[in-house]
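One structure below.
Convention: sequence-line order gives letters A, B, ...; per-chain numbering from 1.
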2 protein chains.
Amino acid sequence: MATTRASRSRRTDSLTRERIIAAAVELLDAQGESGLTFRVLTQRLATGAGAIYWHVANKEELLTAATESVLVAALAREVGGSPEEEIRAVALGLFEAIDDHPWLATQLSTELARNPRGTVAPRIFDAVGRRVRALGVPERGWFTASSALVHYVLGAAGQNVANAGAADPGIDRSAFLDSVSAEWEALDADDFPFASAVAGQMRDHDDREQFLAGVDLVLAGITTVHLSGE
Amino acid sequence: MATTRASRSRRTDSLTRERIIAAAVELLDAQGESGLTFRVLTQRLATGAGAIYWHVANKEELLTAATESVLVAALAREVGGSPEEEIRAVALGLFEAIDDHPWLATQLSTELARNPRGTVAPRIFDAVGRRVRALGVPERGWFTASSALVHYVLGAAGQNVANAGAADPGIDRSAFLDSVSAEWEALDADDFPFASAVAGQMRDHDDREQFLAGVDLVLAGITTVHLSGE
DNA sequence: ACCTGAACACCGTTCAAGT
DNA sequence: ACCTGAACACCGTTCAAGT
């Protein structure tokens, strides 16, 4: 009758690939990329190093799997609407996933730039590209248009968490942003005329709004280049 | 009189920060990021580990310095022309630098997404943003327009070297691209309708041309959103 | 001021041995 | 089939000691 109460750190479930990946995501969320270690993972899962290698080939595969699991969740919650609205929703979903998991930005970019054979890259391109196609963009423009959207989304979302200091958890976001902005402002105006001038904008804006303005800018480019003769 | 002939591996120059950075870039070019090791560097420079730490704080600083030195060189060769032409030239300069130094893509993205306080991020934003300003974009659009350009350029250039298999040196580019394209094509058309359909485009295109088409697409978006009332 | 190189703490990975 | 955990090779970094 009282058998259901889980005892503190006793391992009741058996070790599975899914549990390992979930624990990896937890560590990454809590400590950042350097916090994911086989030793800590081993401790957290109350097992030995070899047990993990039974389910996962190596650390690279584990990182990719962790990235993929968070990505899939972020792309799952989709709504309807026009192609433009869907693209904004997908973009915002990725933006928020990166906001929740700051390690994700670097990881997704790295995956695109180093591991084009995995399923991470096609997943992102598919989520965006399907809607680009639905916009009516002719086939020859599919890849370029999708690339522009994907790379803007990942890059801007990544820089957003960077400017918020989210890479190291436990930092006051607006205070960090203030200090980054102050440093850009303090740059030599001769060597960095633009960076020092734009510093103020980094501070005084709404993150989401600015991010979505960029999405709309790229969408406007797609429309102008490919759909203007309508 | 015959004192000038340098003997084979004898160290004639003294160790400097510049020589260390140059050696780091050579190692990165030859072996990729995992090839840069303090032990190999120590051997290459015929010195001890401590000597390097006298000139450089740690490996992170060394990587940032290597990135910065290549970036500065890439941004140095600038020509004239209209703001649009200058933006295309800057973009192409970064594209080619990443093509020559495949490790640079990940490194630049990482720098933007993790180290906003350094000079790498402001350098890139300045090179692009100065020309965005020259286009006549109003101040409130500076940051968004520059972000869209910067992130597209770094992301697309990075993916270009990734699809060419340049991450691991010594690979036949077109053969690798063929195999990546074939894998995208082989993806389940139900789960990845877009990726499987666009796979052919990955193979049959001119890298530079496709890259520049993306730059022009973002430029068109900037014009439409900010300069259309002219 | 600048360099040497052994030593330290830590890491990913392997593998004989267990069940 | 799945897990244990000691051992291995390798890494970034430190530091007493040299010049």
Note to self: Roughly how many Å apart are D/dA17 and C/dC2, using the P atom of each and rounding to a whole number?
What the structure shows: 22 Å
Next item on the list: Answer yes or no: is there an ion pair linking B/Arg203 with B/Glu185, defined by an N-O contact shorter than 4.0 Å?
Entry: yes
Check: Should D/dC8 form a Watson-Crick or G-U wobble pair with both distances under 3.5 Å, which nucleotide is its partner?
Finding: C/dG12
Notebook entry, point to check: Nearest-Å distance, CG (B/Leu27) to P (D/dC11)?
Noted result: 12 Å
Notebook entry, point to check: B/Leu45 has an atom CG; how far is it from atom P of C/dC2, in whole Å?
Noted result: 16 Å
Note to self: Looking only at side-chain N and O atoms, does A/Arg117 offer a donor or acceptor that is under 3.5 Å from a partner on B/Ser179?
What the structure shows: yes
Next item on the list: Check step by step if side chain to side chain donor-acceptor pair (under 3.5 Å) holds for A/Thr119 and A/Glu68.
Entry: CA-CA 8 Å; A/Thr119 77; A/Glu68 195 168 6; 2.2 Å; yes
Next item on the list: Would you mind reading off the distance between B/Ile52 atom CD1 and C/dG5 atom C1', rounded to a whole angstrom?
Entry: 12 Å
Check: Between C/dC3, D/dT4, C/dG12, which one does the side chain of A/Phe38 approach most closely?
Finding: C/dG12
Check: Would you say the side-chain atoms of B/His151 and A/Gln159 include a donor-acceptor pair closer than 3.5 Å?
Finding: yes
Notebook entry, point to check: Among C/dC3, C/dT14, D/dG12, which is the nearest nucleotide to the side chain of B/Ala51?
Noted result: C/dC3
Notebook entry, point to check: Rounded to the nearest Å, what distance is computed from the CD atom of residue A/Gln43 to the P atom of nucleotide C/dC11?
Noted result: 11 Å
Next item on the list: Could you grab the distance from atom CG of A/Asp126 to atom CG of B/Asp191, nearest 0.5 Å is fine?
Entry: 8.5 Å
Next item on the list: Nearest whole angstrom, please: distance from the P of D/dA1 to the NE2 of A/His55.
Entry: 13 Å
Check: When the distance from OH of A/Tyr53 to C1' of D/dA7 is rounded to whole Å, what number comes out?
Finding: 14 Å
Note to self: Starting the side chain at C-beta, find the nucleotide from D/dT4, D/dT13, C/dG12 nearest to B/Lys59.
What the structure shows: D/dT13
Notebook entry, point to check: Of the nucleotides D/dT4, D/dC2, C/dC3, which one has an atom closest to the side chain of A/Trp54?
Noted result: D/dC2
Item checked: Pairing partner (Watson-Crick or G-U wobble, both distances under 3.5 angstrom) of D/dC3 -> none
Note to self: As a test of reading the structure: which of C/dG12, D/dT13, C/dC3 is closest to the side chain of A/Thr37, going by heavy atoms?
What the structure shows: C/dG12
Checklist line | Whole angstrom value for the distance that separates P of C/dA1 from CG of B/Leu15 | finding: 17 Å
